[in-house]
Amino acid sequence: MLTLAFDTATSVATAALVRDDELLGERVSRAVAVLEAADELLRAADLGRADLTGLAVGTGPGSFTGLRLGLAAARGLAFALDLPAAGVSTLEALAAGAPGALPVIDAGRREVFAAGPVVVSPQELEFELGTVCVGDGAVRYRSILEERGAEVPPDEDERHLVRARFHAKLARDFGPAEAIEPLYLRVPDAEANR
(Lines give C-alpha, C1' and ligand atoms only; values in the text may rest on other atoms or scores of the structure.)
Protein backbone atom coordinates (compact mmCIF):
# COMPACT_ATOMS: atom_id res chain seq x y z
CA MET A 1 0.00 0.00 0.00
CA LEU A 2 1.34 3.45 -0.92
CA THR A 3 0.11 5.90 1.70
CA LEU A 4 0.39 9.66 1.76
CA ALA A 5 0.12 10.78 5.37
CA PHE A 6 0.08 14.25 6.89
CA ASP A 7 -0.66 16.08 10.10
CA THR A 8 -1.47 19.79 10.38
CA ALA A 9 -2.70 19.93 14.00
CA THR A 10 0.34 21.70 15.46
CA SER A 11 2.40 24.72 14.40
CA VAL A 12 4.70 22.39 12.43
CA ALA A 13 3.04 20.23 9.75
CA THR A 14 4.56 17.04 8.41
CA ALA A 15 3.84 14.92 5.35
CA ALA A 16 5.20 11.44 4.64
CA LEU A 17 5.09 8.96 1.79
CA VAL A 18 5.14 5.35 3.00
CA ARG A 19 5.02 2.13 0.96
CA ASP A 20 3.93 -0.68 3.25
CA ASP A 21 6.35 -0.14 6.16
CA GLU A 22 9.06 1.65 4.17
CA LEU A 23 9.42 5.41 4.56
CA LEU A 24 10.04 6.85 1.10
CA GLY A 25 10.28 10.44 2.28
CA GLU A 26 9.05 12.97 4.78
CA ARG A 27 8.76 16.77 4.74
CA VAL A 28 8.30 19.37 7.46
CA SER A 29 6.32 22.50 6.58
CA ARG A 30 3.42 24.65 7.71
CA ALA A 31 -0.20 23.56 7.38
CA VAL A 32 -0.81 25.83 4.38
CA ALA A 33 2.03 24.13 2.47
CA VAL A 34 1.17 20.48 3.19
CA LEU A 35 -0.10 19.79 -0.35
CA GLU A 36 3.06 21.28 -1.82
CA ALA A 37 5.10 19.04 0.50
CA ALA A 38 3.05 16.02 -0.63
CA ASP A 39 3.72 16.87 -4.28
CA GLU A 40 7.46 17.17 -3.55
CA LEU A 41 7.42 13.74 -1.90
CA LEU A 42 5.79 12.11 -4.91
CA ARG A 43 8.23 13.76 -7.33
CA ALA A 44 11.25 12.81 -5.22
CA ALA A 45 10.08 9.16 -5.22
CA ASP A 46 9.43 9.33 -8.98
CA LEU A 47 5.77 8.55 -8.38
CA GLY A 48 2.53 10.20 -9.38
CA ARG A 49 -0.78 10.82 -7.66
CA ALA A 50 -2.26 7.83 -9.49
CA ASP A 51 0.21 5.55 -7.64
CA LEU A 52 -1.30 6.39 -4.24
CA THR A 53 -3.58 3.79 -2.66
CA GLY A 54 -4.55 5.57 0.57
CA LEU A 55 -4.37 8.68 2.72
CA ALA A 56 -3.80 9.04 6.46
CA VAL A 57 -4.55 12.35 8.14
CA GLY A 58 -4.10 13.66 11.67
CA THR A 59 -7.37 14.28 13.48
CA GLY A 60 -5.98 16.25 16.40
CA PRO A 61 -6.45 17.49 18.94
CA GLY A 62 -4.68 20.66 17.94
CA SER A 63 -5.16 23.96 16.18
CA PHE A 64 -8.71 24.39 14.87
CA THR A 65 -7.45 26.08 11.71
CA GLY A 66 -4.70 23.52 11.18
CA LEU A 67 -7.11 20.62 11.63
CA ARG A 68 -9.59 22.11 9.17
CA LEU A 69 -6.82 22.64 6.60
CA GLY A 70 -5.60 19.07 6.94
CA LEU A 71 -9.04 17.50 6.76
CA ALA A 72 -10.02 19.67 3.79
CA ALA A 73 -6.83 18.65 1.99
CA ALA A 74 -7.48 14.97 2.73
CA ARG A 75 -11.09 15.19 1.60
CA GLY A 76 -10.15 17.04 -1.59
CA LEU A 77 -7.40 14.58 -2.48
CA ALA A 78 -9.54 11.56 -1.65
CA PHE A 79 -12.37 12.86 -3.82
CA ALA A 80 -10.16 13.90 -6.74
CA LEU A 81 -8.09 10.69 -6.73
CA ASP A 82 -10.82 8.29 -5.55
CA LEU A 83 -8.75 7.20 -2.54
CA PRO A 84 -9.77 5.75 0.81
CA ALA A 85 -8.59 7.63 3.88
CA ALA A 86 -8.07 7.01 7.59
CA GLY A 87 -7.93 9.42 10.49
CA VAL A 88 -5.23 9.06 13.14
CA SER A 89 -5.03 10.81 16.50
CA THR A 90 -2.22 13.36 16.59
CA LEU A 91 -1.54 12.36 20.20
CA GLU A 92 -1.22 8.68 19.24
CA ALA A 93 1.16 9.52 16.40
CA LEU A 94 3.29 11.68 18.71
CA ALA A 95 3.38 8.85 21.26
CA ALA A 96 4.38 6.35 18.56
CA GLY A 97 7.48 8.44 17.89
CA ALA A 98 8.45 8.42 21.57
CA PRO A 99 7.49 5.04 23.09
CA GLY A 100 6.79 5.30 26.81
CA ALA A 101 6.55 9.09 26.76
CA LEU A 102 3.50 11.23 27.49
CA PRO A 103 2.46 13.27 24.43
CA VAL A 104 1.74 16.91 25.31
CA ILE A 105 0.49 19.33 22.64
CA ASP A 106 0.23 23.09 23.15
CA ALA A 107 -3.49 23.92 23.21
CA GLY A 108 -3.15 27.68 23.56
CA ARG A 109 -5.03 29.49 26.33
CA ARG A 110 -2.31 28.30 28.75
CA GLU A 111 -3.50 24.71 28.34
CA VAL A 112 -2.23 21.46 26.85
CA PHE A 113 -3.78 18.49 25.09
CA ALA A 114 -2.59 15.15 26.45
CA ALA A 115 -3.36 11.46 26.33
CA GLY A 116 -6.86 10.66 27.43
CA PRO A 117 -7.52 12.78 25.49
CA VAL A 118 -7.80 15.73 27.84
CA VAL A 119 -7.31 19.49 27.76
CA VAL A 120 -5.88 20.83 31.03
CA SER A 121 -3.48 23.43 32.35
CA PRO A 122 0.11 22.15 32.60
CA GLN A 123 -0.26 22.42 36.39
CA GLU A 124 -3.22 19.99 36.28
CA LEU A 125 -1.66 17.45 33.90
CA GLU A 126 -1.51 14.06 35.61
CA PHE A 127 1.66 11.98 35.31
CA GLU A 128 4.02 9.94 37.45
CA LEU A 129 7.31 11.28 38.74
CA GLY A 130 10.01 10.87 36.10
CA THR A 131 7.59 10.66 33.16
CA VAL A 132 9.12 11.82 29.89
CA CYS A 133 6.89 14.43 28.25
CA VAL A 134 7.22 15.18 24.52
CA GLY A 135 5.59 17.56 22.07
CA ASP A 136 5.34 21.31 21.58
CA GLY A 137 3.31 21.60 24.80
CA ALA A 138 6.09 19.92 26.76
CA VAL A 139 8.61 22.33 25.28
CA ARG A 140 6.46 25.40 25.93
CA TYR A 141 5.70 24.41 29.53
CA ARG A 142 9.04 22.77 30.27
CA SER A 143 9.68 24.68 33.51
CA ILE A 144 6.26 23.86 34.97
CA LEU A 145 6.46 20.18 34.00
CA GLU A 146 10.03 19.77 35.24
CA GLU A 147 9.16 21.49 38.54
CA ARG A 148 6.46 18.85 38.95
CA GLY A 149 8.90 15.98 38.31
CA ALA A 150 8.59 15.33 34.57
CA GLU A 151 11.53 14.95 32.23
CA VAL A 152 11.42 16.98 29.00
CA PRO A 153 14.02 16.24 26.30
CA PRO A 154 15.97 19.18 24.80
CA ASP A 155 13.92 21.48 22.54
CA GLU A 156 15.52 20.20 19.33
CA ASP A 157 14.89 16.53 20.20
CA GLU A 158 13.18 14.68 17.33
CA ARG A 159 10.56 13.22 19.69
CA HIS A 160 8.83 16.60 20.04
CA LEU A 161 7.76 16.60 16.38
CA VAL A 162 4.54 14.89 15.23
CA ARG A 163 5.88 12.75 12.37
CA ALA A 164 3.44 11.80 9.61
CA ARG A 165 5.28 8.48 9.11
CA PHE A 166 3.57 7.30 12.32
CA HIS A 167 0.14 8.25 10.96
CA ALA A 168 0.77 5.88 8.05
CA LYS A 169 1.89 3.16 10.47
CA LEU A 170 -1.15 3.60 12.75
CA ALA A 171 -3.78 4.08 10.04
CA ARG A 172 -6.62 1.53 10.13
CA ASP A 173 -10.18 1.34 8.84
CA PHE A 174 -9.66 3.16 5.55
CA GLY A 175 -12.90 4.49 4.09
CA PRO A 176 -14.52 7.65 2.78
CA ALA A 177 -12.57 10.78 3.78
CA GLU A 178 -15.78 12.67 4.49
CA ALA A 179 -16.41 10.28 7.39
CA ILE A 180 -13.23 11.40 9.21
CA GLU A 181 -13.99 13.81 12.02
CA PRO A 182 -11.58 16.10 13.84
CA LEU A 183 -11.00 15.59 17.56
CA TYR A 184 -12.05 18.88 19.16
CA LEU A 185 -11.75 18.95 22.94
CA ARG A 186 -13.24 22.42 23.40
CA VAL A 187 -15.16 25.06 21.47
CA PRO A 188 -13.18 27.27 19.06
CA ASP A 189 -12.04 30.71 20.32
CA ALA A 190 -14.35 32.38 17.77
CA GLU A 191 -17.39 30.62 19.24
CA ALA A 192 -16.29 31.08 22.84
CA ASN A 193 -15.98 34.86 22.34
CA ARG A 194 -19.48 35.37 20.93
Side-chain angles (χ1 to χ4, degrees), residues 3-18 21-34 36-38 40-41 44 56-67 69-70 87-171 182-183 185-186 189:
T3 305
L4 173 63
F6 49 90
D7 191 290
T8 57
T10 65
S11 61
V12 178
T14 61
L17 189 61
V18 178
D21 289 329
E22 180 188 359
L23 177 66
L24 301 180
E26 192 164 32
R27 297 283 189 273
V28 175
S29 66
R30 299 194 44 79
V32 296
V34 75
E36 181 181 337
E40 289 172 5
L41 287 167
V57 62
T59 58
S63 154
F64 289 102
T65 302
L67 285 172
L69 280 168
V88 176
S89 161
T90 301
L91 287 167
E92 289 179 21
L94 183 57
L102 176 65
V104 183
I105 295 173
D106 184 6
R109 299 187 200 170
R110 297 186 181 118
E111 294 177 318
V112 295
F113 298 120
V118 297
V119 57
V120 295
S121 74
Q123 295 87 347
E124 298 169 324
L125 183 62
E126 293 183 14
F127 56 84
E128 294 182 18
L129 193 65
T131 295
V132 175
C133 294
V134 297
D136 62 356
V139 170
R140 181 170 183 185
Y141 296 105
R142 169 187 300 282
S143 62
I144 294 169
L145 296 174
E146 288 179 341
E147 278 177 19
R148 296 185 54 231
E151 294 179 24
V152 180
D155 291 4
E156 64 280 349
D157 191 294
E158 181 75 14
R159 293 173 289 178
H160 291 303
L161 188 58
V162 179
R163 289 287 185 180
R165 68 181 80 162
F166 298 113
H167 291 70
K169 180 179 179 179
L170 296 170
L183 179 55
L185 297 182
R186 62 178 184 214
D189 289 337

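The structure displayed is predicted, hence computed values, not measured ones.
In this structure, H160 contributes its side chain and G137 its backbone to no donor-acceptor pair below 3.5 Å. Proximity of a side-chain donor or acceptor of R142 to a complementary backbone N or O of P153 within less than 3.5 Å is detected. No donor-acceptor pair closer than 3.5 Å links the side chain of R140 to the backbone N or O of G135. When atom types are taken as modelled, the side chain of T8 and the backbone of A31 share no donor-acceptor pair closer than 3.5 angstrom. At distances below 3.5 Å, not a single donor-acceptor pair connects side-chain atoms of E151 with backbone N or O atoms of C133.
Remark: S29 OG to E40 CD distance equals 8.5 Å, nearest 0.5 Å. In this structure, CG on L94 lies 11.5 Å from CZ on R163, to the nearest 0.5 angstrom. Remark: L41 CG to F6 CZ distance equals 11.5 Å, nearest 0.5 Å. In this structure, CD in Q123 is found 9.0 Å from CD in E147, a value given to the nearest 0.5 Å. Once rounded to the nearest 0.5 Å, the distance linking CZ of R110 with CD1 of I144 reads 10.0 Å. Here the CG atom belonging to D136 is positioned 11.0 Å from the CG atom belonging to D155, to the nearest 0.5 angstrom.
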Margin query: Test side chain to side chain contact (heavy atoms under 4.5 Å, CB included) on L125 and L145; report intermediate values, then the result.
Written below: CA-CA 9 Å; L125 183 62; L145 296 174; 4.0 Å; yes
Check: Are V132 and L102 close enough, and set up right, to give a side chain to side chain contact (heavy atoms under 4.5 Å, CB included), and what steps lead you there?
Finding: CA-CA 6 Å; V132 175; L102 176 65; over 6 Å; no
Check: Do L161 and V12 pass the side chain to side chain contact (heavy atoms under 4.5 Å, CB included) test, and can you show the C-alpha distance, the side-chain angles, and the key distance before you say yes or no?
Finding: CA-CA 8 Å; L161 188 58; V12 178; 3.4 Å; yes
Check: Should E124 and S121 be marked as a side-chain hydrogen bond (donor to acceptor under 3.5 Å, both in side chains) after you check the CA-CA gap, both sets of side-chain angles, and the distance that decides it?
Finding: CA-CA 5 Å; E124 298 169 324; S121 74; 3.3 Å; yes
Note to self: With side chain to side chain contact (heavy atoms under 4.5 Å, CB included) as the criterion, how do D106 and Y141 come out once you've worked through the C-alpha distance, each side chain's angles and the decisive distance to 0.1 Å?
What the structure shows: CA-CA 9 Å; D106 184 6; Y141 296 105; 4.0 Å; yes
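Closest heavy-atom contact between L91 and A115: CD1-N, 4.1 Å. The minimum heavy-atom distance linking H167 with A93 is given by the pair CE1-CB, 3.2 Å. Contact detail for I105 and P61: the closest heavy-atom pair is CD1-O, 3.8 Å.
Contact check for V134 versus V104: no side-chain heavy atoms found under the 4.5 Å cut-off.
Remark: A107 pairs with E111, F113, V119, R186 by the side-chain contact (heavy atoms from CB on, under 4.5 Å) rule, at least two apart or across chains. Residues forming a side-chain contact (heavy atoms from CB on, under 4.5 Å) with V18 (at least two apart in sequence, or on another chain): A16, L23, A168.
For residues 9-18, there are no side chain to side chain donor-acceptor pair (under 3.5 Å) pairs, not counting sequence neighbours.
Between E92 and the options V162, L170, T59, a side-chain contact (heavy atoms from CB on, under 4.5 Å) holds for only L170.
Counting non-hydrogen atoms of neighbouring residues, nucleotides and ligands closer than 6.0 angstrom, the CD atom of E146 exceeds 12 such neighbours.
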